[in-house]
Amino acid sequence: MSAPSAPNQTRLSFDSNRLMIDLCGELDANLVRVEAGTGAEIDRVGNVIVLSGEAEARQHAEATLRALYGRLQANKPVEAGDVEAAIKMPTGIFEEGHAQAPEPMGALAIRTRRKVVEPRSPAQAGYVRALQENDLVFGLGPAGTGKTYLAVAVAVAHLIEGRVDRIILSRPAVEAGERLGFLPGDMKEKVDPYMQPLYDALHDFLPAKQVARMIEEKVIEIAPLAFMRGRTLSHAFVILDEAQNATSMQMRMFLTRLGEGSCMAINGDTSQIDLPRGVLSGLVEAERVLRRVEGIGFTRFGARDVIRHPMVAKIVRAYEKAGSP
């Protein structure tokens with residue numbers, strides 16, 4: 001509830017002193033993050049939080065704090081990433097100068113064997129929703145925005161729920177020119193260096209022994225893009241990562257692999273194309289050609305969606321401002 005406040009101030013009080021302590025964080029670290037992210041000045045006076053500043057900043061801060069308090073009431077932790085997510089997510093509807101908490105994101109929570117994953121930005125929420133509603137989805141944007149992580153999480157959830165029979169993960173092996181023969185080891189050892197980000201995501205959602213068994217039984221298949229030719233991928237959740245490095249011909253080949261009962265997620269960053277100069281990225285072409293095709297979802301991520309170290313977002317913004325290719 002809100003306590004009476006002076007002009008240009010909003011006073012908030014919460015029912016539980018214990019949850020209030022968790023809301024503020026150690027040494028009020030969470031309040032400091034909310035202050036920096038919303039532009040409101042925040043002071044804690046006993047069991048009351050006082051917001052000062054412009055009305056919009058105060059409303060943003062209030063909605064953020066109420067959303068975080070709601071997490072605590074639902075027995076969910078509030079960590080640094082959750083604070084950043086609450087700041088980024090839509091701040092709800094403002095009525096009579098008071099903010100209402102954002103719509104709960106529980107409907108978009110992804111449940112896997114090891115953890116529950118929730119979107120941490122509006123673009124992430126849109127991406128998860130697109131993956132739930134479409135058979136073919138493109139995720140476009142810079143590194144660190146959760147494209148691969150969320151796609152693998154949704155794939156694992158689909159597998160657990162029995163909506164698909166297998167998961168197929170693929171990437172172009174551009175650095176080796178799609179010719180892996182000169183690398184030492186068997187095929188798995190040749191491919192593994194390119195697929196490590198996908199392995200990392202899988203191990204976040206499934207026990208390591210289960211991942212190993214599923215790979216051995218071909219329930220989870222990890223293969224370079226060049227090995228997809230001639231196949232029909234049915235009853236599978238298929239992910240193409242680093243798709244900006246697929247040529248136009250490769251992309252068209254991959255898209256036409258989609259079979260009955262399958263879902264396909266294609267992720268990439270068109271600012272990091274490693275193809276030889278003059279070779280058109282299949283991802284760039286696919287966005288242009290398929291943008292208006294009904295049933296295909298497109299989600300565009302930006303610097304504000306970066307969920308790695310805060311410095312990564314600053315780096316992405318600096319390059320965007322400089323107009324670097």
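Excluded from the calculations below are hydrogen atoms, water molecules and symmetry mates; all remaining heavy atoms, backbone and side chain alike, are included.
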Practice prompt. Determine whether E221 and L169 make a side-chain contact, defined as any pair of heavy atoms from C-beta on separated by less than 4.5 Å.
Written response: no
Worksheet, complete the sentence: Per salt bridge (Lys or Arg N to Asp or Glu O under 4.0 Å), D82 is matched among R71, R33, K76 by R71
Worksheet item: Are the side chain of T64 and the backbone N or O of H60 linked by a donor-acceptor pair below 3.5 Å?
Response: yes
Worksheet item: Any donor and acceptor pair, going by atom type alone, linking the side chain of S281 with main-chain N or O of Q244 inside 3.5 Å?
Response: yes
Worksheet, complete the sentence: dist H203:NE2 -> Q210:CD (nearest 0.5 Å) comes out at 10.5 Å
Practice prompt. Check the pair Y199 / D204 against side-chain hydrogen bond (donor to acceptor under 3.5 Å, both in side chains), numbers first and verdict last.
Written response: CA-CA 9 Å; Y199 283 119; D204 254 15; over 6 Å; no
Discussion item. As a quick check of understanding, evaluate side-chain contact (heavy atoms from CB on, under 4.5 Å) for V154 and H158, giving each step before the final call.
Written reply: CA-CA 6 Å; V154 173; H158 274 49; 3.5 Å; yes
Worksheet entry | N/O donor-acceptor pair under 3.5 Å between N134 side chain and L136 backbone | no
Worksheet entry | ILVMFWY cluster, L283 and V293 together (side-chain gap under 4.5 Å) | yes
Discussion item. Determine whether a donor-acceptor pair (N or O, by modelled atom type, separation under 3.5 Å) exists between the side chain of N30 and the backbone of L23.
Written reply: yes
Worksheet item: Would Y127 and N267 count as having a side-chain donor-acceptor pair, cut-off 3.5 Å?
Response: yes
Worksheet entry | Check: D274 main-chain N/O paired with N245 side-chain donor or acceptor under 3.5 Å | yes
Worksheet item: Quick one: does S262's side chain have a donor or acceptor within less than 3.5 Å of a partner on H235's backbone?
Response: yes
Item to complete: In plain terms, say whether R111 and E161 are close enough for a salt bridge, that is, a side-chain N and a carboxylate O under 4.0 Å apart.
Response: no
Discussion item. Just verifying a value: how many Å separate F205 CZ and R114 CZ, rounded to the nearest 0.5 Å?
Written reply: 10.5 Å
Worksheet item: Looking only at heavy atoms, which two atoms of G268 and K147 are closest? And how far apart?
Response: O-CE, 3.8 Å
Practice prompt. Please check if atom CZ in R252 has more than 12 non-hydrogen atoms from other residues, nucleotides or ligands closer than 6.0 Å.
Written response: no
Fill in: Closest heavy-atom pair and its distance - I239, A155
CD1-CB, 4.1 Å
Worksheet item: When rounded to the nearest 0.5 angstrom, what distance separates CD in E294 from CZ in R292?
Response: 14.0 Å
Worksheet entry | Side chain proximity check, V48 to D43, heavy atoms < 4.5 angstrom | no
Worksheet item: With no hydrogens and no angle check, is any side-chain donor or acceptor of S170 less than 3.5 Å from a backbone partner on L225?
Response: yes
Worksheet item: Angle class for the F298/F138 ring planes (parallel below 30°, perpendicular above 60°, tilted otherwise)?
Response: parallel
Fill in: Positive for side-chain contact (heavy atoms from CB on, under 4.5 Å) with F254, one of R229, M249, M228
M228
Practice prompt. Return yes if some donor-acceptor pair links the side-chain N/O of E35 with the main-chain N/O of I42 below 3.5 Å, else return no.
Written response: yes
Worksheet item: Is the backbone N or O of V34 less than 3.5 Å from a side-chain atom of T38, with the two atoms forming a donor-acceptor pair by type?
Response: yes
Discussion item. Any donor-acceptor pair under 3.5 Å linking the side-chain atoms of S234 with those of E260?
Written reply: no
Discussion item. With a 3.5 Å distance limit and no angle check, can you tell me whether R166 reaches the backbone of I220 through a side-chain donor-acceptor pair?
Written reply: no
Worksheet item: Does the side chain of L280 reach to within under 4.5 Å of the side chain of T247, using non-hydrogen atoms?
Response: no
Worksheet item: Considering all heavy atoms of both residues, which atom of F237 and which atom of A151 are nearest to each other, and what is their separation?
Response: CE2-O, 3.9 Å
Response to the item:
Rounding to 0.5 Å, atoms CG (L12) and OG1 (T10) come to a distance of 6.5 Å
Practice prompt. Verify side-chain contact (heavy atoms from CB on, under 4.5 Å) between I49 and L31, making sure each step is shown before the conclusion.
Written response: CA-CA 9 Å; I49 294 176; L31 298 185; 4.0 Å; yes
Worksheet item: How far does CG of L255 sit from CD of Q250, to the nearest 0.5 angstrom?
Response: 11.5 Å
Fill in: Verify same cluster id: I160, V152 (apolar side-chain graph, 4.5 Å)
yes
Item to complete: Evaluate the side-chain proximity of I266 to M251: yes if any heavy-atom separation is below 4.5 Å, no if none is.
Response: yes
Fill in: Nearest non-hydrogen partners of A236 and I168, listed with the distance
CB-CD1, 4.1 Å
Item to complete: Find out if a path of hydrophobic residues (ILVMFWY) with successive side-chain heavy-atom gaps under 4.5 Å connects V289 to M253.
Response: yes
Practice prompt. Considering only NZ, NE, NH1 and NH2 on the basic side and carboxylate oxygens on the acidic side, decide whether E62 and R66 come within less than 4.0 Å.
Written response: yes
Item to complete: Take R58 and N8 through the test side-chain contact (heavy atoms from CB on, under 4.5 Å) and record every step on the way to the result.
Response: CA-CA 8 Å; R58 285 185 282 120; N8 298 323; 4.3 Å; yes
Item to complete: Would you name the heavy atoms of G141 and D269 that are closest together and state the gap between them?
Response: O-CB, 3.1 Å
Fill in: Criterion side-chain contact (heavy atoms from CB on, under 4.5 Å) on L206 and M214, from CA distance to verdict
CA-CA 10 Å; L206 294 168; M214 287 180 167; 4.0 Å; yes
Worksheet item: Within a radius of less than 6.0 Å around CD of E54, do more than 12 heavy atoms belonging to other residues, nucleotides or ligands occur?
Response: no
Practice prompt. For L240 and P172, work out which heavy atoms get closest and say how close.
Written response: CD1-CD, 4.1 Å
Discussion item. So that I can tick it off, tell me whether R300 and E287 are bridged by a salt bridge, with the cut-off set at under 4.0 angstrom between side-chain N and carboxylate O.
Written reply: yes
Discussion item. Return the CD to SG distance between Q132 and C263, rounded to the nearest 0.5 Å.
Written reply: 10.5 Å
